[in-house]
Peer 1: 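There's a structure below that I have some questions on.
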2 protein chains.
Amino acid sequence: MGGHTQRGQCAKRMSILDAAADVFCRQGFAGASIDEIAAVACVSRQTIYNHYREKETLFVAVVEDVMTRANAMLFSVLSSFPEKADNLEDGLTAFAVRLNKNCICNHDGKFLRKLVQTEGERYPHLFESWRQQGPGKLTTALSALLARLAHKGALVIDDFDVAARQFVALGNADLQMMTLFGETPSDEELEGAARNAVRTFLKAYGRPADVAGRPPELAAIAG
Amino acid sequence: MGGHTQRGQCAKRMSILDAAADVFCRQGFAGASIDEIAAVACVSRQTIYNHYREKETLFVAVVEDVMTRANAMLFSVLSSFPEKADNLEDGLTAFAVRLNKNCICNHDGKFLRKLVQTEGERYPHLFESWRQQGPGKLTTALSALLARLAHKGALVIDDFDVAARQFVALGNADLQMMTLFGETPSDEELEGAARNAVRTFLKAYGRPADVAGRPPELAAIAG
DNA sequence: GTAAAATTAGACGCCATTGTCTAAAACGTC
DNA sequence: GACGTTTTAGACAATGGCGTCTAATTTTAC
């Protein structure tokens, strides 16, 4: 029982997981065939059954794999939230770009959204943890981060939870149709969407002095 | 060839379409079986093949049926957009509730969102028309309606298209997780979500005098 | 009531897929 | 080079769904 043979096995496992994620995402659980996954993974079908007892075992493993990757990425992006109140618009815009690009519009985000919708009712327990650690955690963490900015006087927010959800929703406003159709936005589209979102967010929640685009008479008064 | 036998046939057709929509929505195209659809429709399998040549024909018919229903409902809801500028918050909130309840969070909306995601790549032409007449039309029409309100001086908007998308996005901010998981929000949740959305929308785009919840010093100045 | 049309239940062939099994080949370690 | 493990290719039975066909039954029109 060589403990070093694990390296080759591990590579095979990852190859299988990646291929299975691809095929499951495109075809769904019922439409995906083990043969196609094996072909994409450049692996024999028997090898798949060797690592994962049956199709459902493989599916669960794939979902859990993508979930942990997505959660790690979300944590990483959340830790880059701007803490400094100066130049808040650019800071929040860059953050929104990162959030959309690396957590929502990327492969894993697309996979999870799609699979939750198609197989969520069939495997309720499987996606329940993602619901808490994914979107749930995003709202909670973002709410706390916004609260800190508000505490510093950079934002004026009555309900932090609502504001957090609205920040995410605004960030996706211009991309919703693209994400719905599975298209990947370009960097320019990501940048523009985030800019629009943050402008509106700051018009609603920003300290009056920081707001750009406010009607001239008020801007004059506030400045 | 009695032209009156059409009535019974028509009832069967609708029964089949409803059942097929239900099963396709739950199981997807590949996972749905004609036998199950026949059972749900209380109809023989042969009857289905009598009306629709094959599974794909039935699927296309179902999608088109739901699309036309959804488009009609969207048109109806859009025609109820508040034109009067007085009490704009309540008017927009009621409109947002209608939009979410009857177009986005209902059965048809769930069906279309789910099926577009799962089968959109396999049938690009099928959903392309919906993309234009559904979400596309919503943005275009809403943009024009917001422009009229802005022209009357009730709103201050720089980019009507962006504002329209943000209105829709804000309206779904509190419901996104529910719609993602296929749950149907209660009337209270719909009402609360719409209220939060419109409050923020008006904070960003409302005429200063109409804005509630603005920081006190500014409200005093504007009043 | 009668004839035409529609519906039904069931059997059938066909094909794709799942999961198992076996023998051969490739791999890594000593 | 030898040995144990892993991988591979292919055959295999079993399952299930699609689409067709047929004969019996029901519904509808007149």
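Residue numbering restarts at 1 for every chain, and letters A, B, ... go by the order of the sequence lines.
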Peer 1: Please determine whether a side-chain nitrogen of the Lys or Arg among A:Arg26 and B:Glu121 lies less than 4.0 Å from a carboxylate oxygen of the Asp or Glu.
Peer 2: no

Peer 1: How close or far is atom P of C:dG19 from atom CD1 of A:Ile34, stated in whole angstroms?
Peer 2: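 Checked: the CD1 to P distance equals 6 Å.
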
Peer 1: For the pair B:Phe29 and B:Tyr123, name the ring-plane relationship: parallel under 30°, tilted 30 to 60°, perpendicular over 60°.
Peer 2: perpendicular

Peer 1: Contact class for A:Ala30 vs. all strands (heavy atom < 4.0 Å): base, sugar-phosphate, or nothing?
Peer 2: nothing

Peer 1: For B:Asn50 and D:dT27, give me the distance from atom CG to atom P, rounded to whole Å.
Peer 2: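 In whole Å, D:dT27 P lies 17 Å from B:Asn50 CG.
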
Peer 1: Provide, to the nearest angstrom, the distance between the CZ atom belonging to B:Arg45 and the P atom belonging to C:dA9.
Peer 2: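 Those two atoms, CZ and P, are 10 Å apart.
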
Peer 1: Could you check how far CD1 of A:Ile48 sits from P of D:dA9, rounded to whole Å?
Peer 2: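 Between P of D:dA9 and CD1 of A:Ile48: 12 Å.
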
Peer 1: Measuring from the side chain of A:Ser44 (C-beta onward, heavy atoms only), which nucleotide among D:dT8, C:dG19, C:dT8 has the closest atom?
Peer 2: D:dT8

Peer 1: How many whole angstroms separate atom CG of B:Asp35 from atom P of C:dC12?
Peer 2: 16 Å

Peer 1: Salt bridge or not between B:Asp108 and B:Arg113? Use side-chain N to carboxylate O under 4.0 Å.
Peer 2: no

Peer 1: Ignoring hydrogens and geometry beyond distance, is the side chain of B:Gln46 in donor-acceptor contact with the base of D:dC21 at under 3.5 Å?
Peer 2: yes

Peer 1: D:dT7, D:dG19, C:dT7: which one has an atom nearest the side-chain heavy atoms of B:Thr47?
Peer 2: C:dT7

Peer 1: Would you kindly give the OH-to-P distance between A:Tyr49 and D:dT7, to the nearest whole Å?
Peer 2: 16 Å

Peer 1: For A:Val77 and A:Cys103, work out which heavy atoms get closest and say how close.
Peer 2: CG2-SG, 3.8 Å

Peer 1: Need one value for B:Ala32: base, sugar-phosphate or nothing, where a base atom within 4.0 Å counts as base even if backbone is also close, heavy atoms only.
Peer 2: sugar-phosphate

Peer 1: Does A:Arg195 form a salt bridge (charged side-chain N to carboxylate O under 4.0 Å, His left out) with A:Asp90? I'd like the steps, not just the answer.
Peer 2: CA-CA 8 Å; A:Arg195 184 70 60 182; A:Asp90 287 347; 2.9 Å; yes

Peer 1: Any idea which of C:dT8, C:dG19, D:dG19 is nearest the B:Lys55 side chain?
Peer 2: D:dG19

Peer 1: Calculate the interatomic distance between B:Lys12 atom NZ and D:dT26 atom P; express it in whole Å.
Peer 2: 13 Å

Peer 1: Rounding to an integer number of Å, can you tell me how far B:His51 NE2 sits from D:dG19 C1'?
Peer 2: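 Checked: the NE2 to C1' distance equals 16 Å.
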
